[in-house]
J.: 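There's a structure below that I have some questions on.
Every heavy atom of this structure was used, including side-chain atoms; hydrogens, water molecules and symmetry mates were not. All values derive from a computational prediction rather than experimental measurement. The chains referred to below are lettered A, B, ... by the order of the sequence lines, with proteins before strands, and numbering in each begins at 1.
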Protein chains: 2
Amino acid sequence: MILKAIVRDYTSSGVPVGSKALAAQLPMHVSSATVRNEMAALEELGLINKTHSSSGRIPSVKGYRYYVDHLVQPDPVKANDIDIIKSSLDGQFLKIDEIIETSAQILSNLTSYTAFTLKPELQDSKLSGFRLVPLGKRQVMAVLVTDNGDAETQTFNLAPGVTGEQLEAVVRLINDQLVGKSLREVLQELQTKIPQEVTKYLQSPEGFLKIFGDVLTQAAQERYYVGGRLNLLNFSDSSDVDELKSLYTLMDRTDDMADVLGRPSDHIQVKIGSEMTNAILRDYSLITATYEVGDHGKGVIALLGPTRMPYSRMIGLVGTFRQELAKRLTDYYRYFDQ
Amino acid sequence: MILKAIVRDYTSSGVPVGSKALAAQLPMHVSSATVRNEMAALEELGLINKTHSSSGRIPSVKGYRYYVDHLVQPDPVKANDIDIIKSSLDGQFLKIDEIIETSAQILSNLTSYTAFTLKPELQDSKLSGFRLVPLGKRQVMAVLVTDNGDAETQTFNLAPGVTGEQLEAVVRLINDQLVGKSLREVLQELQTKIPQEVTKYLQSPEGFLKIFGDVLTQAAQERYYVGGRLNLLNFSDSSDVDELKSLYTLMDRTDDMADVLGRPSDHIQVKIGSEMTNAILRDYSLITATYEVGDHGKGVIALLGPTRMPYSRMIGLVGTFRQELAKRLTDYYRYFDQ
DNA sequence: CTTAGCACTTGGGTTAGATGAGTGCTAAAA
DNA sequence: TTTTAGCACTCATCTAACCCAAGTGCTAAG
């Protein structure tokens with residue numbers, strides 16, 4: 001009970017909490033001396049810490065962990081917040097990406113933290129088509145389509161000397177040999193077999209291979225959306241410019257970020273401070289959650305905030321949001337799948 | 001001579017400069033008292049200021065202005081920097097946008113400030129084609145091409161009940177009636193005539209109009225690249241979180257930013273602090289420059305830094321860069337135009 | 001097991017004083 | 001008429017001394 005009170009108090013006030021104030025808050029009547037004794041025991045267990053020898057206590061990472069695992073009960077979400085969520089998700093969206101992107105926006109607005117969203121995805125997306133669309137006399141657009149509906153494009157100018165027939169042959173080659181394979185496989189073959197094959201039709205295939213590679217790696221990357229980037233300036237110690245910089249850099253490094261977010265197994269997962277492998281995040285906490293959309297796979301939403309965030313409220317919010325988003329996307333697919 | 005010395009000193013040290021230190025620096029022998037007299041005169045003219053009644057002097061906006069207009073001589077660019085510029089621009093680029101984007105990168109790296117680049121453009125780009133490319137059973141990609149080679153795409157899902165023929169008819173309508181008109185005109189007609197015309201072929205044209213509108217406004221927007229966003233954290237007063245936020249927000253607001261950058265008439269233009277109309281930038285300076293690429297129009301590069309930037313070095317750098325970039329792009333077009 | 005009492009610790013805030021870099025002004029020197 | 005030395009004065013910055021409030025641990029009594 002005392003640990004719970006300490007976490008609640010500290011997360012909302014940000015000030016180390018002392019025995020007297022705590023005693024006054026507890027539901028039963030106990031003196032501050034009693035609380036002090038208990039606090040000493042909690043410190044012994046490594047659940048709370050002092051900032052200096054005569055200060056009040058703050059939860060340790062281990063303390064937050066215990067709190068999150070055993071004590072926290074999600075706050076019911078405010079009716080007003082539910083309204084915001086529902087109405088924001090309510091618009092007419094013509095592609096999933098818009099929904100996922102605004103989701104990150106909503107979540108960050110509601111929390112004043114930074115939110116991440118990943119669209120629902122099956123294990124390994126497969127190549128389902130590649131084509132070149134002529135736009136002008138020399139301008140061409142490469143389009144790569146995957147089986148979960150993503151399309152990646154890239155415009156470029158044709159190098160002199162390349163003819164339409166040659167390109168058509170190459171595109172046919174790609175489609176014949178690679179459609180249905182996973183992007184991972186295709187990427188591998190791009191290193192091995194493909195270059196030789198292409199040389200049969202193009203004498204200098206570098207240009208084509210670069211474009212195809214570009215568009216392929218783009219499609220293969222876990223694409224995620226970030227909402228409330230700037231909120232980082234609120235909740236992080238903005239005097240340490242270097243730390244801010246490395247955080248922002250991290251957020252742009254797609255692969256590292258995919259690592260951080262993971263594909264959580266559990267519905268809602270909380271990672272606290274140094275529990276995260278990435279050292280840059282040692283002063284932050286991350287709440288990740290999956291949302292499931294029938295046979296269209298799972299997506300991820302995540303919330304990055306300070307270690308001392310009001311977990312009960314945030315967990316409640318993320319919980320409701322994942323449900324609403326799942327509902328919304330199921331509707332979306334029902335509408336377009338038919 | 002004294003104003004020049006004050007600007008040089010202050011921009012490099014950041015500390016208000018006093019009479020004694022200044023006297024020591026001047027080429028001829030004068031006492032600090034003489035310098036004090038001259039400084040009083042300069043202050044009278046509004047060219048320099050004190051931070052408090054007994055402090056050294058710092059240049060005022062008016063002082064920087066005079067310095068930039070009459071006193072500054074561009075530093076010759078370090079051989080090393082020239083190497084970096086040349087080698088970075090040297091790679092094999094398949095589209096202009098890549099060159100323009102890396103330009104912003106290079107410029108920000110060399111200066112530790114934030115750089116902006118706009119691609120070369122003719123006055124008003126015109127619509128040169130619109131098409132819908134089918135990707136899957138219901139998935140379609142809208143492609144809009146302009147006469148200066150930009151292609152804007154947008155994938156979306158077809159609303160149920162819409163047939164291929166209907167869409168073909170609409171696309172034909174768009175191409176017949178609108179190709180050759182400027183994007184501005186087309187945007188206007190989208191508000192007026194187009195909806196009625198489209199209704200002839202589609203009973204609920206909202207979806208199509210949204211997509212067409214999206215892709216059109218995207219294409220019509222001045223698209224610029226930003227390099228070294230994070231450098232802002234170095235040179236701005238990073239304790240004022242709100243200011244930082246509004247600066248970053250400004251950088252993402254395309255229309256406001258287009259306003260800030262303008263299309264400078266002169267080769268190199270310096271705007272200092274409050275000279276900029278936008279109040280958010282009152283503590284910064286902006287160096288803008290055009291680069292000309294034959295009959296492909298003019299582009300813009302710009303550098304945002306603190307008011308107390310070493311103008312001589314920066315002006316030199318921007319000057320060389322615009323030349324190199326113009327050269328590089330001329331080459332690029334020569335290669336692909338033929 | 002709980003509580004009152006007490007000595008002790010510590011960060012933060014306030015005050016006073018010292019320091020030094022700078023100024024403006026006056027009067028003498030060039 | 002311009003330059004310079006001299007001097008009184010201003011102000012930001014730094015340090016040291018001090019107090020205060022909030023907190024602790026410990027002991028002994030309830």
Side-chain angles (χ1 to χ4, degrees), chain A residues 1-60 62-63 237-240 283 306-308, chain B residues 1-60 62-63 237-240 283 306-308:
Chain A
M1 186 183 289
I2 289 179
L3 177 59
K4 191 170 170 181
I6 290 176
V7 171
R8 214 172 24 202
D9 222 63
Y10 180 65
T11 51
S12 76
S13 74
V15 177
V17 7
S19 54
K20 202 165 149 198
L22 195 44
Q25 254 180 67
L26 289 176
M28 78 278 271
H29 178 77
V30 280
S31 76
S32 65
T34 311
V35 174
R36 275 203 291 285
N37 288 334
E38 297 302 315
M39 275 164 54
L42 286 174
E43 187 166 11
E44 192 73 18
L45 292 170
L47 295 172
I48 57 179
N49 283 133
K50 285 188 279 197
T51 59
H52 61 87
S53 80
S54 74
S55 80
R57 305 307 213 291
I58 61 174
S60 68
K62 204 172 152 194
D237 171 21
S238 49
S239 64
D240 187 343
D283 292 331
T307 320
R308 53 156 284 241
Chain B
M1 186 183 291
I2 289 181
L3 177 59
K4 191 171 171 182
I6 290 178
V7 172
R8 214 172 23 200
D9 222 63
Y10 180 64
T11 51
S12 76
S13 74
V15 177
V17 6
S19 56
K20 201 166 150 200
L22 194 47
Q25 256 181 64
L26 288 175
M28 77 278 274
H29 177 77
V30 279
S31 76
S32 63
T34 310
V35 174
R36 275 203 290 286
N37 288 334
E38 297 302 316
M39 275 165 48
L42 286 174
E43 186 165 12
E44 192 74 18
L45 293 171
L47 296 172
I48 56 180
N49 283 132
K50 285 187 279 195
T51 58
H52 60 86
S53 80
S54 74
S55 79
R57 305 307 214 292
I58 61 176
S60 67
K62 203 172 155 196
D237 170 23
S238 49
S239 64
D240 188 344
D283 291 332
T307 321
R308 51 155 287 237

J.: Using the side chain to side chain contact (heavy atoms under 4.5 Å, CB included) rule, take B:R57 and B:V17 through it: C-alpha gap first, then chi angles, then the decisive distance, then the call.
T.: CA-CA 5 Å; B:R57 305 307 214 292; B:V17 6; 5.9 Å; no

J.: I would like to know whether A:L26 and A:I2 meet side chain to side chain contact (heavy atoms under 4.5 Å, CB included); could you show each step before the answer?
T.: CA-CA 8 Å; A:L26 289 176; A:I2 289 179; 4.1 Å; yes

J.: Looking only at side-chain atoms of A:S31, point me to the closest of C:dG11, C:dA4, D:dT4.
T.: C:dA4

J.: In the 5'-to-3' direction, what one-character label does each nucleotide of nucleotides 22-30 of chain D receive under the scheme B = base within less than 4.0 Å of a protein heavy atom, S = sugar-phosphate only, - = no such atom?
T.: -BBBB----

J.: For the pair made of CG in B:L42 and P in C:dT23, what is the distance, rounded to whole Å?
T.: 12 Å

J.: Atom CG of A:L45 and atom CG of A:L3: how far apart are they, to the nearest 0.5 Å?
T.: 9.5 Å

J.: Take atom CD1 of B:I58 and atom C1' of D:dC11, then tell me their distance rounded to the nearest Å.
T.: 15 Å

J.: Atom CG of B:N49 to atom P of C:dG22: distance rounded to whole Å?
T.: 17 Å

J.: Give a yes or no on whether the backbone of B:A33 and the side-chain of B:K20 come within a donor-acceptor separation of less than 3.5 Å.
T.: no

J.: Would you mind reporting whether B:S60 and B:E43 have side-chain heavy atoms less than 4.5 Å apart?
T.: no

J.: Which atom pair, heavy atoms only, marks the closest approach of B:I58 to B:Y10?
T.: CG2-CE1, 3.5 Å

J.: Given axes from five pairs at either end, by how many degrees does the helix from C:dC1-D:dG30 to C:dA30-D:dT1 bend, rounded to 10°?
T.: 20°

J.: Have A:Q25 and A:D9 got a donor and an acceptor in their side chains that come within less than 3.5 Å?
T.: yes

J.: Determine whether B:K62 and B:I48 make a side-chain contact, defined as any pair of heavy atoms from C-beta on separated by less than 4.5 Å.
T.: no

J.: For the pair made of CG in A:L26 and P in C:dT2, what is the distance, rounded to whole Å?
T.: 13 Å

